[in-house]
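Just so it is clear, the model here is predicted, and its values are computed rather than measured.
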Amino acid sequence: MIDYSRLMYRVEPMTSPDLDSVMEIEHEAFSAPWSTRAYEYELHYNEMAHYYVARPQNGTGEPIAAPAATPSSWWQRLLRRDRELIPPPVAASPGIVGYGGFWLMVDEGHISTIAAHRAWRRRGIGELLLAAMIDRAAEIGARIVTLEVRVSNLNAQALYRKYGFEVAGKRIRYYSDNSEDALIMSTASITTAEYQRRLQELRTPLFARLSR
Ligand SMILES: CC(C)(COP(=O)(O)OP(=O)(O)OC[C@H]1O[C@@H](n2cnc3c(N)ncnc32)[C@H](O)[C@@H]1OP(=O)(O)O)[C@@H](O)C(=O)NCCC(=O)NCCS
């Protein structure tokens, strides 16, 4: 059993103090960035929304001591859902290296965003966030996970394919900034033993890579 508390990055629920850092990444990562207000709406008014940030342990890449109370499942420890385990927010959350969010709509998890800071890409952060969101979505009732991705965004598509997403359709001229088409990519059922086995097979090398 992997010790999730010793990963190089923590994944925690996004909060308002995180938004300055989130917006920095947002503007660099997306040609049509969301506004701070849009994120505030997601965090405070959208009951379907679940948003997370990834940050290096202790803000320096150093692991922190395991929490005194041990949550019952791996994703609880990973996401630090239990409020008492969340460290007090710091002013501008400078240590954020990535973030992601999804909406739970009945039995469908819809990934609304995912990004890693440019300087921190190809280190497993996007994958960690995606795996964490898929796990969280399954835990709260999602049967499948779906998303839209630009047809030109081959890096993100590779990440999604790695986690079993397949092209399920296309939205023509979906993106308003350049009229680019979106691919709709969806998983098969994420609650089956087969998919859970696949997740575990992916998680093992990912967590080995991110463990210290
Ligand atoms: C897509 C994104 C989140 C990936 O984050 P990341 O932390 O760099 O990715 P990871 O290191 O976790 O890579 C995980 C997998 O993604 C795929 N991948 C990510 N970057 C890739 C690249 N530059 N080339 C090819 N594959 C890539 C690979 O399958 C990789 O698995 P591997 O390491 O076994 O090859 C990041 O590139 C990003 O923030 N892009 C800008 C925002 C964006 O496009 N978001 C998606 C919107 S739909």
* Residue pair S21, H117: steps toward the side-chain hydrogen bond (donor to acceptor under 3.5 Å, both in side chains) verdict -> CA-CA 10 Å; S21 297; H117 190 296; over 6 Å; no
* To do: Could you please spell out the steps behind the side-chain hydrogen bond (donor to acceptor under 3.5 Å, both in side chains) verdict for E127 and Y163?
  => CA-CA 9 Å; E127 187 171 343; Y163 278 75; 2.6 Å; yes
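Around the CD atom of E166, the shell of radius 6.0 Å holds no more than 12 heavy atoms that belong to other residues, nucleotides or ligands.
A donor-acceptor pair shorter than 3.5 Å cannot be found between the side chains of Q196 and T191.
Aromatic ring pairs are classed by plane angle as parallel below 30°, tilted from 30° to 60° and perpendicular above 60°; the pair Y39 and Y51 is perpendicular.
In this structure, the side chain of Q57 engages the main chain of L7 through a donor-acceptor pair within 3.5 Å. Between the side chain of T187 and the backbone N or O of I190 there is no donor-acceptor pair closer than 3.5 Å.
Salt bridge annotation for E108-R143: absent, with no cationic side-chain nitrogen under 4.0 angstrom from a carboxylate oxygen. A salt bridge links E28 and R121; the closest N-O separation between the charged side-chain nitrogens and carboxylate oxygens is under 4.0 Å. Here R173 does not pair with E180 in a salt bridge; the nearest charged N to carboxylate O distance is not below 4.0 Å.
Cation-pi geometry between R150 and Y175 is met: the NZ or CZ atom falls under 6.0 Å from the ring centre, inside 45° of the normal.
Checked against the 6.0 Å centroid threshold, F102 and H110 do not count as a close aromatic pair.
One finds the OG1 atom of T36 at 9.0 Å from the CD atom of E26 (value rounded to the nearest 0.5 Å).
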